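Data block below; observations after.
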Amino acid sequence: EREFQTNWKLLLDMNLELYHVKHLHKHSVAKIFPNNRVVLENHQNGMLLGLLPRVTIKEVVPGTEHESRIFDHVHVFFFMAPNAYFLHKGDHILLVKVFPVTQDRTVCQMSFYTPHEITSDEHHQYMRNNIALDK
């Protein structure tokens, strides 16, 4: 859990686009995403589905094994109105919930879900890097 000096809507809105990635995450994931590309689709009940293509999407050839493994080349984003989203990153899922405290203060809760227990220091560091907002 972490508190931010910002409006809660801003924390959600910036995750509906990739413009911020080049600057906010320049030392980590910025290098794996093409500039500002995202595919969004509205679903019923306040759900919004987003596909964030990685640079490896160029390797996908229709009608091949690569096409059947499309999720190796995208991150899947689900926005759940009004205040949460989760991001499927292939080897883990990040669930983010935001709660307004005041007009310009927000509490953000982040939870990780992995298919396997995290046991090594290296894997712990990998997961910490995944939620480091300044990386």
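Worth saying up front: this structure is predicted, and the values here are computed from it rather than measured.
When all heavy atoms of F77 and Y85 are compared, the closest pair comes out as CE1-CD1, 3.4 Å. In terms of heavy atoms, F33 sits closest to V21 at CD1-CG1, 4.4 Å. Between A84 and L12, the shortest heavy-atom contact is N-CD2, 4.3 Å.
Using a 4.5 Å cut-off between side-chain heavy atoms of Ile, Leu, Val, Met, Phe, Trp and Tyr, with links allowed through other members, M110 and L10 fall into different hydrophobic clusters. Residues W8 and L48 are members of one and the same hydrophobic cluster, defined by side-chain heavy-atom contacts under 4.5 angstrom among Ile, Leu, Val, Met, Phe, Trp and Tyr. Cluster membership for V101 and F4, using ILVMFWY side-chain heavy atoms within less than 4.5 angstrom, is not shared. Hydrophobic clustering of Ile, Leu, Val, Met, Phe, Trp and Tyr side chains at less than 4.5 Å, counting indirect connections, unites F112 with V98.
A donor-acceptor pair under 3.5 Å is absent between the side-chain atoms of N83 and the main chain of K97, judged by distance alone. Counting only distance, with no hydrogens or angles, the side chain of N7 and the backbone of Q103 share a donor-acceptor pair below 3.5 Å.
Members clustered with F99: none, using a 4.5 Å side-chain heavy-atom cutoff among hydrophobic residues.
With sequence neighbours left out, H20 forms a ring pair (Phe, Tyr, Trp, His ring centres under 6.0 Å) with H25.
No more than 12 heavy atoms of other residues, nucleotides or ligands lie within 6.0 Å of CD in E122, so this atom counts as exposed by the packing criterion.
Exactly one residue among V74, V76, L94 makes a side-chain contact (heavy atoms from CB on, under 4.5 Å) with H88. That residue is V76.
Annotation: side chain of H92 is not in contact with side chain of I118 (no heavy-atom distance under 4.5 Å).
F86 and F78 have their aromatic ring centers within a separation under 6.0 angstrom.
Under 3.5 Å, the side chains of T56 and H73 contain a donor-acceptor pair of N or O atoms.
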